[in-house]
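First the structure, in the form of structure tokens, and then the observations on it.
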Amino acid sequence: MQNLLHNLNPEQLAAVTLPPQNALILAGAGSGKTRVLTTRIAWLIQTGQVSPAGILAVTFTNKAAKEMLARLSGMMPINTRGMWVGTFHGLCNRLLRTHYRDAALPQSFQILDTQDQLSMIKRLLKANNIDDEKFPPKTLMYFINNNKDQGLRASAVEAYDAVERKMVELYQLYDDQCQREGVVDFAELLLRTYELLARNQPLREHYQQRFRHILVDEFQDTNNLQYAWLKQIAGHGTGRGGALFAVGDDDQSIYAFRGANVGNMSSFESEFQVKNLIKLEQNYRSHGHILDAANVLIANNSRRLGKNLRTDAGHGEQVRVYEASSDLQEAQWIVDEAKNLVSEGSRRSEIAVLYRSNAQSRVIEHALFSAGLPYTVYGGLRYFQRAEVKHAIAYLQLMDNPHNDSAFLRVVNFPTRGIGARTLEQLQNAAETYGISMYAAVPYMVGKAGSSLSAFVKLIEGVRFETQQMALPELVRITLESSGLLQHYANEKEGADRVENLEQMVSAATQFVGEEGYGQGAPAHLGPPSEAQAGAAIINADGVEILDADAPMATVMSPLSAFLSHASLEAGDNQAQAGQDAMQLMTVHSAKGLEFDNVFITGLEEGLFPHESSSKEDGGVEEERRLMYVAITRARKRLYMCFCQTRMLHGQTRYNMKSRFFDELPEESLKWLSPRVQSHWFANKKATWEDAKLTGGSDNAVAQRMAEKAGTAGWRIGESVVHGKFGEGVIVNIEGSGANCRAQINFGSAGMKVLDLSIAKLERLGR
DNA sequence: TCTAGATGGCTTTTT
DNA sequence: GCCATCTAGA
């Protein structure tokens with residue numbers, strides 16, 4: 001116990017040892033949030049306040065769940081079994097598998113990932129002859145998901161015009177189709193569980209009584225449905241529910257675009273009458289200047305719960321700021337600085353390059369590659385999303401649930417078996433006529449089309465039969481061979497990687513079977529034990545027998561079903577060579593939760609960061625500012641920020657102003673590495689900053705002489721200017737010469753203006 | 001059925 | 001400028 005609580009600061013200690021009541025912990029970046037969460041759980045158990053079975057800990061990502069479990073088992077001698085630690089989706093999956101009948105799902109229901117969902121919607125639109133120009137599949141998908149995230153079924157959605165009414169209609173058709181196929185999308189996992197518990201009182205009360213302590217990580221990222229789910233399981237308003245311990249940071253809320261509602265934090269505070277609010281403001285990560293920058297920046301946001309980070313680490317170095325003439329030069333500068341860092345003894349893996357959007361990585365990657373600096377880019381295709389792996393998964397899905405039309409369509413003609421579009425169209429019509437799956441509709445097909453289709457069905461049935469008694473890895477191997485997938489890719493010229501990925505599936509299955517507690521030899525197909533065997537049967541006060549979803553997954557679902565869930569819910573790693581000491585390239589979003597000694601924040605330009613589309617949305621700029629806050633607080637020792645005058649974007653050269661966030665940072669914490677007058681026009685003339693110095697005179701003067709020669713009244717494209725009315729801007733283009741010279745100037749928030757250079761009162765922005 | 005060429009779109013991301 | 005997706009034609 002002493003050991004457990006030792007080294008906690010007073011706020012952390014207070015949070016860990018709070019009485020068993022609802023609590024909100026405002027945990028700033030680098031304040032030891034995960035530590036508090038896990039120590040709280042360990043403390044509750046070790047003081048005998050709760051048994052492991054009374055703990056429910058919810059996270060958003062599998063990574064966070066795993067980390068929590070790892071830390072817990074390192075902290076406690078007792079094992080973590082019986083404790084529920086997982087993602088919202090993972091926990092819901094477990095509940096639905098156990099109570100599949102009450103949830104009106106087939107036992108082997110399958111989970112659609114985003115790709116599957118979209119292709120399903122496309123199919124739906126086609127089948128109903130809907131113009132997909134008028135109803136873009138993606139729009140419909142967002143519509144459906146957003147409504148589910150709000151807890152709204154099609155029947156509950158209010159439509160105000162014809163288009164919306166149609167969308168609602170399609171939403172209903174989509175749900176019907178999912179139900180027929182026995183598949184659920186991600187949002188459905190949550191909504192279905194919520195509805196299950198709402199409808200089923202004994203079940204609801206059972207879980208409410210069981211979970212005495214519910215702990216939630218990254219609470220600011222919850223959407224409305226997730227919050228409702230938590231309220232339900234915590235028995236809000238019943239007077240006998242468990243205590244909800246929510247940990248979050250409103251300043252790090254960066255997922256509003258996918259439905260997260262920071263407002264849930266204050267709703268929680270008022271609705272649960274939270275008396276225990278603790279702020280963790282002691283930062284153990286960053287040096288002073290970095291923290292000052294973060295604090296001063298985020299203070300520009302209104303509607304904060306209010307929090308200020310402090311450190312004992314001392315000021316450290318200033319934030320280094322660099323203005324490049326072009327994105328190419330920005331990348332080169334990063335290379336140079338990174339080389340310096342490495343030669344000063346930094347590990348490459350302690351250097352992170354952050355950007356707002358993925359498109360920015362290309363130029364940087366190119367520069368790093370040319371310089372021979374090893375790097376890894378986060379955010380590529382995940383293992384289970386690769387086409388060949390998805391194909392293999394589809395075959396496995398058909399073994400487990402042949403009525404999954406998405407899986408059927410994906411592989412019915414892959415590798416090609418002479419089953420063309422027309423055949424499938426007919427099959428689809430038949431399926432629709434009889435209200436059955438495409439697989440089930442095959443016997444209704446006649447002629448040549450019919451025979452090639454039945455051959456496919458025979459293939460699936462054959463493999464299913466052949467593997468009846470086999471363990472999962474063996475089943476996977478047989479499937480890969482019998483389906484012809486391995487052959488197909490082996491024959492392809494560039495198929496070696498794909499073959500390797502497919503073969504990796506066998507080891508993935510082996511590993512999975514071991515980790516999930518299935519016997520290595522357990523038959524993959526064997527149905528789960530009867531409900532009486534699975535978990536402990538519980539008799540509630542009304543004499544109703546309830547099965548608790550407590551049993552290990554092995555008793556709730558077959559190895560094959562479990563493996564398929566795993567493939568959907570945990571798309572796998574996307575990190576390349578993990579072993580190598582490589583620089584880390586990623587978006588600011590994916591950097592959340594990570595920390596590095598050295599961090600570059602790149603592309604700090606108006607329109608890019610803050611992103612231009614954010615200014616249209618309500619509160620968009622505040623979210624961008626939080627994103628910037630997240631970026632800054634990733635750095636431990638050294639932070640770099642950079643931007644450029646010229647950038648290639650969408651195939652066009654753009655001239656952006658430096659980000660407004662620079663004006664919101666404390667000047668004394670910044671160190672400008674470059675004067676502000678270098679223009680891209682120079683760069684185009686292959687004149688570098690050094691050249692300008694050599695040619696003599698002040699740099700400004702040189703630039704001006706060159707501009708005057710060009711007859712642009714001394715002004716250059718790319719130059720930063722100040723206008724009395726419009727403020728700071730960047731010259732984007734100059735037309736005409738002499739007295740008729742007019743300039744197009746991007747004034748950022750004041751918009752784009754065309755000004756007559758002989759009339760407009762402009763001043764040069766120097767530094 | 002396969003391939004080349006045209007088209008469109010383009011912020012962020014986990015499950 | 002790049003990528004995924006669609007379409008026309010061999």
Side-chain angles (χ1 to χ4, degrees), chain A residues 58-65 86-93 111-119 122 126 132-133 136-139 142 145 148-149 184-191 193 217-218 221-223 225-226 253-260 327 354-363 365-366 378-382 384-385 387 413-423 492 565-574 586-593 603 607-617 620 623-624 626-628 630-631 647-654:
Chain A
V58 197
T59 63
F60 278 86
T61 65
N62 292 297
K63 199 174 155 202
T87 63
F88 280 100
H89 295 85
L91 296 167
C92 286
N93 182 41
I111 302 165
L112 298 178
D113 67 16
T114 313
Q115 282 177 42
D116 301 332
Q117 190 186 17
L118 190 63
S119 67
K122 284 181 183 163
K126 209 173 243 172
D132 59 4
E133 303 257 291
K138 281 216 174 115
T139 309
Y142 295 140
N145 289 343
K148 287 192 180 184
D149 285 346
V184 298
D185 58 50
F186 288 131
E188 182 74 24
L189 281 171
L190 282 155
L191 183 53
T193 308
D217 192 16
E218 307 276 15
D221 288 339
T222 52
N223 66 30
L225 179 56
Q226 285 157 342
S253 157
I254 55 174
Y255 286 112
F257 70 91
R258 65 176 196 211
D327 46 353
L354 310 185
Y355 33 81
R356 173 67 242 266
S357 60
N358 285 304
Q360 288 166 252
S361 77
R362 164 170 305 282
V363 181
E365 280 184 68
H366 183 81
Y378 281 67
L381 254 199
R382 314 278 218 80
F384 283 110
Q385 294 173 351
N413 196 35
F414 192 94
T416 47
R417 307 190 168 87
I419 299 172
R422 186 147 345 118
T423 303
E492 237 180 28
S565 292
H566 168 79
S568 307
L569 290 178
E570 198 169 341
D573 264 337
N574 54 16
M586 65 193 84
T587 63
V588 181
H589 279 93
S590 39
K592 191 176 159 202
L608 205 65
F609 199 180
H611 198 274
E612 56 196 348
S613 52
S614 71
S615 57
K616 294 176 202 120
E617 290 155 41
E623 175 137 327
E624 294 287 309
R626 291 193 291 270
L627 198 51
M628 181 67 184
V630 168
R647 176 180 295 280
M648 239 355 193
L649 198 66
H650 306 320
Q652 280 179 321
T653 307
R654 311 217 327 188

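Keep in mind it's a predicted model, so treat the numbers as computed, not measured. Residue numbers begin at 1 in each chain, while the letters A, B, ... track the order of the sequences.
- Contact between the side-chain N/O atoms of A:Asn358 and the OP1/OP2 oxygens of B:dT12 is found at a separation under 4.0 Å.
- Of the two residues near DNA chain B, A:Gly420 and A:Phe257, the one whose nearest nucleotide lies more 5' is A:Gly420.
- Where A:Tyr142 and A:Arg417 each meet DNA chain B at their nearest nucleotide, the meeting point lying more 5' is that of A:Arg417.
- Rounded to an integer number of Å, the gap from A:Glu218 CD to B:dT15 P is 12 Å.
- Between A:Asp221 and A:Lys592, at least one side-chain N (NZ, or NE/NH1/NH2) sits under 4.0 Å from a carboxylate O, which counts as a salt bridge.
- Between A:Tyr255 and A:His589, the ring-plane angle classifies as tilted under the 30° and 60° cut-offs.
- Taking the 5.5 Å centre cut-off and the 30° plane limit, the aromatic side chain of A:His611 is classed as stacked on B:dT11.
- Contact between the side-chain N/O atoms of A:Asn413 and the OP1/OP2 oxygens of B:dT1 is found at a separation under 4.0 Å.
- When the side-chain nitrogen and oxygen atoms of A:Thr587 are compared with OP1 and OP2 of B:dT13, one or more of them lie within a distance under 4.0 Å.
- Residue A:Arg362 has a polar side-chain atom (N or O) positioned under 4.0 Å from OP1 or OP2 of C:dC3.
- Remark: C1' of B:dT13 and CG of A:Asn145 are 13 Å apart, rounded to the nearest angstrom.
- Within 3.5 Å, a donor on the side chain of A:Thr114 pairs with an acceptor on the base of B:dT15, or the reverse.
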